[in-house]
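Remarks on the structure that follows.
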Amino acid sequence: MAERKKLLEIKNLKQYFNEGKPNEVRAVDNVSFDIFQGEVMGLVGESGCGKSTTGRTIIRLYDATGGEVLYDGKNVHGKKSKTELKSFNRKMQMIFQDPYASLNPRLKIADIIAEGIDIHGLAKTKEDRMKRVYQLLETVGLNKEHANRYPHEFSGGQRQRIGIARALAVEPEFIIADEPISALDVSIQAQVVNLMKKLQKEIGLTYLFIAHDLSMVKYISDRIGVMYFGKMVELAPADELYKNPLHPYTQSLLSAIPSPDPISERTRKRKTYDPASHNYDKNEVIEFREVTPGHFVLCSEKEFQEYQAKSK
Ligand SMILES: Nc1ncnc2c1ncn2[C@@H]1O[C@H](COP(=O)(O)OP(=O)(O)OP(=O)(O)O)[C@@H](O)[C@H]1O
Ligand SMILES: [Mg+2]
């Protein structure tokens with residue numbers, strides 16, 4: 001993994017809403033991680049912990065309060081020329097959390113999908129434009145006939161496929177998928193995840209895949225980051241995180257997953273996380289530390305020693 005290319009470097013990212021006011025929310029608070037080219041980086045944590053805000057800040061829907069985001073070594077934030085902005089906008093796309101709210105109800109599917117094609121001038125003729133739309137519909141498992149319909153004529157799963165086709169239309173390299181399946185029926189969730197996995201392999205896409213649910217994220221992710229109240233508390237390769245969760249919050253998230261085996265399900269104990277359990281001294285430095293290669297935990301020096309001993 002060490003020699004893999006870093007596509008994104010997120011360094012000390014901060015997104016404070018209403019900064020300095022009594023109602024300040026530190027939605028993203030000093031978060032650092034890399035995303036390697038071609039990988040699926042999962043991001044999990046309970047509602048309100050800052051997952052969407054992290055995604056939206058990376059893609060520049062929000063100006064960051066602090067920190068930086070490097071894409072292919074170049075700073076994404078800060079002043080940019082129009083051409084540079086356009087190029088970033090094309091490379092990075094987002095699939096939104098709510099398939100019902102994210103498609104313009106007044107536009108036909110063809111025009112929704114072709115919006116990026118038009119903005120970036122990717123089709124030379126009308127025929128070429130429609131050809132691309134038909135191809136994209138096919139790629140996501142829909143068909144030509146769907147092009148002339150409106151969003152309300154589709155189910156949630158189909159709308160999410162349209163959202164994926166729209167994101168793919170500009171031939172991006174990196175896609176932030178913000179809970180792309182959480183609004184869907186369980187039976188449809190696997191279909192959409194499989195489609196995304198297939199596209200990743202075929203086109204070589206890189207994803208930041210956001211989810212509440214650790215069970216689905218395990219299946220799609222190469223590495224997983226766990227967020228708690230605006231902070232990244234643990235990051236590890238997916239298998240390692242499940243086998244050797246170190247931060248007590250990660251342990252509590254894992255203990256919430258029902259087991260498919262009825263016997264172990266009966267004995268499953270749910271752990272609850274109490275942030276006060278760390279019992280930190282005032283002068284202890286709480287940092288994101290690498291316990292074993294590629295396995296990071298937000299912890300004190302004392303916890304770091306304990307985690308290292310546990311990981312031997
Ligand atoms: N535009 C905003 N203005 C003020 N506060 C906001 C804004 N957007 C989000 N927040 C707050 O920031 C925090 C993080 O929100 P965010 O939407 O990133 O969480 P999330 O992890 O995506 O949650 P969910 O799983 O419910 O989607 C929350 O406390 C939220 O209320
Ligand atoms: Mg969210």
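Every number for a ligand or one of its atoms is a count from 1 in the order of the listing. As a basis for the values below, the full set of heavy atoms in this structure was taken, side chains included, without hydrogen atoms, waters or symmetry mates. Sequence positions, counted from 1, serve as the residue numbers for this chain. Because the structure is predicted, anything quoted here is derived from the model rather than measured.
The side-chain tip of K218 points at the ring of Y242 from less than 6.0 angstrom away and within 45° of straight on.
Applying the ring-ring contact (aromatic ring centres under 6.0 Å, His included) test to F209 and every residue at least two apart in sequence or in another chain returns nothing.
Alongside I119, the hydrophobic cluster contains no other residue (criterion: ILVMFWY side chains under 4.5 Å).
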Side-chain donor-acceptor contacts of residues 285-298 below 3.5 Å, not counting sequence neighbours, with atom names and distances?
unit_1	atom_1	unit_2	atom_2	d
R289	NE	C299	O	2.9
R289	NH1	E301	OE1	3.0
R289	NH2	V285	O	2.6
E290	OE2	G294	N	2.7
H295	ND1	E240	OE2	2.7
H295	NE2	E234	OE2	2.6

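Tested against E171, the residues R132, K91, Q93 include a single side-chain contact (heavy atoms from CB on, under 4.5 Å) partner, R132.
One of the N, O or S atoms belonging to S52 lies under 2.8 Å away from the Mg ion (ligand 2).
Salt bridge status for E265 with R268: present, with a side-chain N to carboxylate O gap under 4.0 Å.
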Measure and list all N/O to N/O distances between ligand 1 and the protein that fall under 3.5 angstrom.
unit_1	atom_1	unit_2	atom_2	d
ligand 1	18 (O)	T53	N	2.9
ligand 1	18 (O)	T53	OG1	2.5
ligand 1	19 (O)	G50	N	3.3
ligand 1	21 (O)	C49	N	3.3
ligand 1	21 (O)	G50	N	3.0
ligand 1	21 (O)	K51	N	2.9
ligand 1	21 (O)	K51	NZ	2.9
ligand 1	22 (O)	S52	N	2.9
ligand 1	22 (O)	S52	OG	2.8
ligand 1	23 (O)	G48	N	2.8
ligand 1	25 (O)	K51	NZ	2.8
ligand 1	25 (O)	E179	OE2	3.1
ligand 1	25 (O)	H212	NE2	3.3
ligand 1	26 (O)	S47	OG	2.5
ligand 1	27 (O)	Q97	OE1	3.4
ligand 1	27 (O)	Q97	NE2	2.9

